[in-house]
Amino acid sequence: MEYRVLGKTGLKIARLGFGGIPIQKIDAEGTKILMQKLMEEGVNYIDTARGYTVSEEYLGYALEGIREHFVLATKSMARTKEAMAQDIGISLRNLRTDYIDLYQVHNPAPKDLEQVMAPGGALEALQEAKAHGKIGHIGITLHSVDLFRQALELPWVETIMFPYNIVETQGEELIARCTEKNIGFICMKPMAGGAIEDASAAMRFIISNPHVTVVIPGMADTEEIAQNIASASDTSPLSAAEQEKISEIRSFLGTNFCRRCNYCAPCTAGINIPAVFLMEGYYSRYNLKEWATNRYAGMQKTASDCVDCGVCEERCPYQLPIREMMKKTADVFGK
């Protein structure tokens, strides 16, 4: 396993980290098994968030007795000092620790970032927590290229998390600037929210970029851990066959697809938007028509229930034409 220093934090971490979203679907005991496996394999960076329901709690239970082997990162959507201070306290309790290595401002919009940095904003709480040893370092997670560019110039930003994968390379130039600025770059959405099924190709593409400090795929079982370790440990140049495979994935997916980040929720009509688009993807891209149709038919709300309000599009960090995509999905499934 290759290790890197996470920018100006000085923390030494494996280039493969652990994304804590999928453990919401297992349980605390299953999470403990995963943490033991990661420790054995030398994977020492753990990412979670206040917004990942039970993820912090499961990790807190699973890391008891082995906390010192890991660099622990979490994040909060809080924008005010009071709300952020409260979230930091909750994270510490959930994670059963007296310090968190990296605490991040979670996906702010431009107006949110202004509020975070204004008097009485969340940054004040983060800096106070850092001064008192409750957190070690401060970072930010983003989906906007413009905000990524802005974050590079903010003196308090020690790490930046941003989507980067085979089909989402819009931040590539800015990722290289992270190296120039000694800011740790954390790669999220390595599989484009599940749209990329070839995990080996996805990981090899990311690891081949020397400016990526750590990549954090979500993992819910030990087989996924083993597969990602194998891919991330191979630092040889991409072969001609791998480059051809990557080109095929780009041509197949394009850019107009749902990454299942769920920022569009809640839908005013009660539609599970990412799930609807997932079924459409299985039907149209992967030719699993009968399988997708049966599961789509079992949904309480389908694409035809869309009321065309557009609220979801205002929230989508990828500016997807969700209403248009809903109409297409309704046409595909006939409802």
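Note that the numbering runs from 1 along the sequence shown for the chain.
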- [ ] Take Glu313 and Arg323, measure what salt bridge (charged side-chain N to carboxylate O under 4.0 Å, His left out) needs, and give me the verdict at the end.
- [x] CA-CA 8 Å; Glu313 293 183 3; Arg323 288 173 288 181; 3.0 Å; yes

TODO: For the residue pair Asp146 and Ser144, confirm or rule out a side-chain donor-acceptor distance under 3.5 Å.
DONE: no

TODO: Could you tell me whether Arg177 and Glu153 make a salt bridge, using a distance below 4.0 angstrom between a side-chain N and a carboxylate O?
DONE: yes

TODO: Scan Asn44, Asp47, Ile23 and name whichever one has a side chain to side chain contact (heavy atoms under 4.5 Å, CB included) with Phe18.
DONE: Ile23

Throw together a table of side-chain donor-acceptor distances under 3.5 angstrom for residues 213-228, partners on residues two or more places apart or in other chains.
| unit_1 | atom_1 | unit_2 | atom_2 | d |
| --- | --- | --- | --- | --- |
| Thr213 | OG1 | Phe185 | N | 3.0 |
| Thr213 | OG1 | Phe185 | O | 3.4 |
| Asp221 | OD1 | Glu223 | N | 3.0 |
| Asp221 | OD1 | Glu224 | N | 2.8 |
| Glu224 | OE1 | Ala220 | N | 2.6 |
| Asn228 | ND2 | Glu224 | O | 3.2 |

Open item on the list: Hydrogens and angles aside, do Thr48 and Ser55 bring a side-chain donor and acceptor to less than 3.5 Å of each other?
Closed with: yes

Open item on the list: Whether the Gln104 and Thr141 side chains hold a donor-acceptor pair (N or O, under 3.5 Å, no angle test) is what I'd like checked.
Closed with: no

- [ ] If a pair satisfies salt bridge (Lys or Arg N to Asp or Glu O under 4.0 Å) and one of its residues is in residues 50-66, list it, with sequence neighbours excluded.
- [x] Arg50-Glu56, Arg50-Asp87, Glu64-Arg96

- [ ] Could you tell me whether Asp101 and Arg67 make a salt bridge, using a distance below 4.0 angstrom between a side-chain N and a carboxylate O?
- [x] yes

TODO: Using a strict 4.0 Å threshold on nitrogen-to-oxygen distance, state whether Glu114 and Arg79 make a salt bridge.
DONE: no

Task: Any donor-acceptor pair under 3.5 Å from Tyr103 side chain to Gly136 backbone - done: no

Open item on the list: Side chains of Asn107 and His143 only: does a donor on one sit below 3.5 Å from an acceptor on the other?
Closed with: yes

Open item on the list: What I want to find out is whether Lys328 reaches Asp331 closely enough, with some N-O distance under 4.0 Å, to be called a salt bridge.
Closed with: no

Open item on the list: Looking at Glu41 and Lys37, is any side-chain nitrogen of the basic one under 4.0 Å from a carboxylate oxygen of the acidic one?
Closed with: yes

Task: Donor-acceptor side-chain pairing of His106 and Ser76 below 3.5 angstrom - done: no

Task: salt bridge (Lys or Arg N to Asp or Glu O under 4.0 Å): pairs with one or both residues in residues 10-30, sequence neighbours excluded - done: Glu2-Arg15

